[in-house]
Amino acid sequence: MLTRRQALALETAPDSEFQALSARAAQRRDRHWGQTLTYSRKVFVPLTNMCRDDCGYCTFVQKPGSAAARVMRPEEVMAVVREGERLGCKEVLFSLGEKPERRYPEAREALAALGHGSMIDYLAEMCARVLDESSLLPHVNAGTLSDADVARLKPVSVSMGMMLENVSRRLLQRGEAHFACPDKVPVQRLRTLERAGRQGVPFTTGILIGIGETWAERVDSLQAINDLHRRYGHIQEVIVQNFRAKPGTAMAGHPEPSLDDMVRTLVLARLLLDPSISLQAPPNLAERFAAYIGAGINDWGGISPVTIDHINPERAWPQIASLRQATARCGFGLEERLAVYPRYLREVPERFFTPSIASRLSGIARADGLARQQCL
């Protein structure tokens, strides 16, 4: 594990020293994760694209009055789920804007028409329908959650997620990426991670780099995640995602992080985090897969044969066959995992899953915890 001083020095380490650290990161990955990278075959369900936050880099969110603003209806959700099931998907990734009903009467009206008072209640209903009417397993990414929210969603989902992004309060200031974003207050996001840990929820989180944060703030963000994992053992994966400038956003002219910056951050994460945490980088955000593998990642995240990446719609998902070939050229295999990592099926599963979820998982997992049906 890196000390804080070593972690801070990694940003400007000369090439020779950095190459040694990169090799150390790759060796750490190999020892704990072997020579196989994984991915999850999923469908992406953006339950609503309305949100009470105004992040400076986001094109996913649409305000009421826009023709694109919507809450998906149950039949629309289930149509996506059935198509995913037909194509061998195992995961339904529910992603939604945070608490739009607290800001917009249009969101409250749409929910009321569906018989709900909050997006969390509607999300729980749709997760239950997925479990009842399909073979897929819900993973929910609903932003900040209360204790009651976590308890409401745990029986109807296999895992949850929320990007921490960064622990810097400075990014909440006017002109910064998280100005006018009440749900991006770092303490609120850290509390959500802690609540999930206390309730035994396998959790995905991560950092978004290139949004105006300093290297030290990246170190602090990764350390905060690691501290919570050491307490509760529930952080199943950390995503390092690079900012992409998008037309029409407040940060359209903001510089994007370089490949070197991304690779150094991945090496930092691999050497700073507990090795039991999966390290992921999204393959549709860079074509140079080999650099990510060399930096110590072990997972490509969720990849859909059905739906686009609604967060980065301009970047196509790689075809899974092409990803397998690129991974093989780097000397690694590619296998399909489930929305929850194998160790949670092995280590006191009764802490992490309800009996019905555990039963569903046992029916679709191999003995090693990866997907029994491999769609490659």
Side-chain angles (χ1 to χ4, degrees), residues 22 25-26 29-30 32-45 80 83-93 95 136-137 139 141 159 161 163 204 206 208-209 236-244 256-257 259 262-263 265-267 269-270 277-342 364-366 368-376:
S22 184
R29 181 264 325 280
D30 293 347
H32 292 274
W33 296 92
Q35 296 293 305
T36 298
L37 272 68
T38 50
Y39 84 100
S40 176
R41 192 177 183 93
K42 70 169 189 182
V43 290
F44 189 111
V45 173
V80 173
E83 180 65 5
E85 188 172 36
R86 186 181 71 82
L87 293 175
C89 295
K90 319 296 189 301
E91 173 186 349
V92 181
L93 169 56
S95 187
L136 277 62
L137 284 164
H139 168 88
N141 190 345
S159 53
M163 292 290 282
T204 293
L208 177 60
I209 72 167
Q236 62 170 355
E237 62 185 358
V238 163
I239 303 167
V240 175
Q241 186 160 343
N242 49 321
F243 161 77
R244 302 286 305 197
E256 298 179 354
L259 177 64
M262 180 69 170
V263 168
T265 307
L266 286 168
V267 170
R270 176 53 77 199
I277 298 175
S278 173
L279 182 60
Q280 177 192 130
N284 64 323
L285 298 187
E287 291 74 30
R288 290 166 281 188
F289 301 142
Y292 289 3
I293 295 175
I297 72 161
N298 61 279
D299 187 77
W300 291 121
I303 299 175
S304 180
V306 181
T307 51
I308 65 170
D309 178 355
H310 291 267
I311 305 301
N312 296 284
E314 77 285 0
R315 307 292 293 182
W317 295 115
Q319 292 295 322
I320 292 168
S322 299
L323 183 62
R324 184 183 189 184
Q325 292 166 7
T327 303
R329 286 195 294 270
C330 297
F332 287 78
L334 180 69
E335 294 204 58
E336 184 185 351
R337 62 169 172 82
L338 303 174
V340 63
Y341 279 80
I364 61 173
R366 302 187 316 205
D368 63 1
L370 295 179
R372 180 169 294 167
Q373 179 196 32
Q374 291 284 315
C375 295
L376 295 168

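Note that the coordinates shown come from a computational prediction; the quantities given were computed from them, not determined experimentally.
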If the plane angle is over 60° it's perpendicular, under 30° parallel, otherwise tilted; pick one for Tyr341 and Trp33. perpendicular
Under 3.5 Å donor-acceptor, [X] side chain and [Y] backbone:
X      : Y      : value
Arg29  : Ile293 : yes
Gln236 : Ala339 : yes
Arg270 : Gly296 : yes
Ser22  : Gly294 : yes

Between [atom1] on residue [X] and [atom2] on residue [Y], distance to nearest 0.5 Å:
X      : Y      : atom1 : atom2 : answer
Leu136 : Ile364 : CG    : CD1   : 8.0 Å
Tyr39  : Arg324 : OH    : CZ    : 9.5 Å
Ile209 : Asn242 : CD1   : CG    : 6.0 Å
Ile239 : Ile297 : CD1   : CD1   : 11.5 Å
Gln374 : Arg41  : CD    : CZ    : 10.5 Å

Less than 4.5 Å apart, side chain to side chain, heavy atoms only: is that true for [X] and [Y]?
X      : Y      : answer
Met163 : Thr204 : no
Glu91  : Ser40  : yes
Pro282 : Gln241 : yes

For a side-chain contact (heavy atoms from CB on, under 4.5 Å) with Lys90, tell me which candidate from Glu336, Arg372, Glu85 qualifies. Glu336
For [X] against [Y], the heavy-atom pair lying closest together:
X      : Y      : value
Tyr292 : Leu259 : CE1-CD1, 3.9 Å
Gly301 : Arg337 : CA-NH2, 3.8 Å
Met262 : Ala281 : CE-CB, 4.1 Å
Val267 : Ala25  : CG1-CB, 4.1 Å
Leu266 : Leu279 : O-CD2, 3.5 Å

Regarding [X] and [Y], is there a side-chain donor-to-acceptor distance under 3.5 Å anywhere?
X      : Y      : value
Asn141 : Ser95  : no
Trp300 : Thr327 : yes
Glu335 : Thr38  : no
Asn298 : Ser278 : yes

Show your working on side chain to side chain contact (heavy atoms under 4.5 Å, CB included) between Leu334 and Leu323 and close with a plain yes or no. CA-CA 8 Å; Leu334 180 69; Leu323 183 62; 4.3 Å; yes
